[in-house]
Amino acid sequence: MGVIGKENQTAITEFILLGFGDFHEMQPLLFVTFLFIYTITMSCNIVIVLVIAADHNLHIPMYFFLGNLSFLEICYTTTIVPKMLRSFLRVREVILFMGCVAQLYIFGSLAVTECLLLSVMSYDRYLAICHPLSYASVMNFKVCLQLAAGCWITGFLTPIAMMVLTFTLPFCASKVGHFFCDFMPLIKLSCTDTHLVEFLSFTVSACVTLVPFLLTLTSYYRIISTIQRIPSTTGKQKAFSTCSSHLLVVSIFYGTIIIVYGVPVGNLSPALNKAFSLLYTVISPMFNPLIYSLRNKEVKGALQKVGSKVFTFLKKSNIP
């Protein structure tokens, strides 16, 4: 049993993920749909990481950060989706207490890292477009490493305090109304007053989402202002095309994160919570490589070169 007794409220050994149990008849269709999305997500992001690593022409700051983002998306979806897929094949999906702790911590850390990384990527584009003469000297390899490392380290340090506060709460129930161990559904299972934890969660969420989001918007405002002064129509179209793609991904990710974690616990229905969570945990990681990289001419060219080399190697090796 997940709960040993109400008199011993902290004796939770496991949680039951309810997932999409309300759509029982659609479970096979949901399984196939999300398996397809997961396969596409993993394949595209792995290809992006390998191509950026293999092609020396892509060893520049923009693609260095894109490689980090794609690697992050691989980890991100792998933390959530396999467990969700398994829930479609089972009557009851159980996750151990420590497994829930690990899933929430890794998910939270990667979410914070992505917020920071998207902000850094927008700053990189700001420097490249608004200050092209000083771009190479400012955004050198050492600075890129420091910025990326700062995003990852900050991302994995930020959730620790909230993890301690959340999992030291006494829980009266073990049924989590979500498809993964998320903060809001877990808080609802607590037997005690959670106002302090909720307030701290809101404060932390505001810092790690709103601040990077505002920095990102500021960067793109400056970028758009600079683009409008470009005399060439072709130059404007190329710059706007890149920026609009980036801004779309940023808006979807930050927007859903802010809605899910910025709204008080009782004000967002479980169905809406799941729907918005799907956007940033499943849908966004699939579209990110398509929008950021695969529409890019340099990446397309690198993919063609790698594909040609692989084809030549297979031909020489007589591998069918």
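Heavy atoms only: backbone and side chains are in, while hydrogens, waters and symmetry mates are out.
The closest side-chain heavy-atom distance from F167 to L104 is below 4.5 Å. Looking at heavy atoms from C-beta onward, R125 lies out of side-chain contact with S219 at the 4.5 angstrom threshold. Within the 4.5 Å cutoff, side-chain heavy atoms of V197 are placed close to those of M162. Using a 4.5 Å heavy-atom threshold, the side chains of S109 and T158 count as separate. The closest side-chain heavy-atom distance from F179 to L18 is not below 4.5 Å. Residues T216 and Y123 have side chains not in contact (no heavy-atom distance under 4.5 Å, counting atoms from C-beta outward). Looking only at side-chain heavy atoms (C-beta outward), L17 and C181 come within less than 4.5 Å of each other. Side-chain contact between L200 and L165 is present, with heavy atoms from C-beta onward closer than 4.5 Å.
Residues I16 and M184 are members of separate hydrophobic clusters, defined by side-chain heavy-atom contacts under 4.5 angstrom among Ile, Leu, Val, Met, Phe, Trp and Tyr. Hydrophobic clustering of Ile, Leu, Val, Met, Phe, Trp and Tyr side chains at less than 4.5 Å, counting indirect connections, unites Y126 with V143.
The neighbour count for K83 NZ, taken as heavy atoms of other residues, nucleotides or ligands under 6.0 Å away, is above 12.
Across every non-hydrogen atom of V112 and T154, the tightest pair is CG1-O, 4.5 Å. Nearest heavy-atom pair, A111 versus F253, reported as atom, atom and distance to 0.1 Å: O-CZ, 3.9 Å. Here the shortest heavy-atom pairing between P285 and T77 reads CB-CG2, 3.5 Å. Closest non-hydrogen pair, P82 versus T78, comes out as CD-O, 3.2 Å.
Of the inter-residue distances, the one linking L72 atom CG with L116 atom CG reads 10.5 Å to the nearest 0.5 angstrom.
With hydrogens and angles ignored, the 3.5 Å screen pairs no side-chain donor or acceptor of S43 with any backbone N or O of I40. Using a distance-only test at 3.5 Å, with no hydrogens or angles considered, no donor-acceptor pair links the side chain of D182 to the main chain of H178. Under the 3.5 Å distance criterion, the side-chain polar atoms of S205 are left unmatched by any main-chain donor or acceptor of F202.
At a cut-off of 3.5 Å, with distance as the only test, no side-chain donor of N45 or E73 sits close to an acceptor on the other residue.
Ring geometry for Y76 versus Y280: interplanar angle of 30 to 60°, hence tilted. Using the six-membered ring where Trp is involved, Y254 and F213 have ring planes that are tilted, between 30° and 60° apart. The aromatic rings of F97 and F15 sit parallel, their planes meeting at an angle under 30°, below the 60° perpendicular limit. Using cut-offs of 30° and 60° on the angle between ring planes, the pair F156 and W152 is parallel.
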Intermediate values then yes/no, side chain to side chain donor-acceptor pair (under 3.5 Å), Y135 and D124: CA-CA 9 Å; Y135 175 70; D124 170 68; 2.5 Å; yes

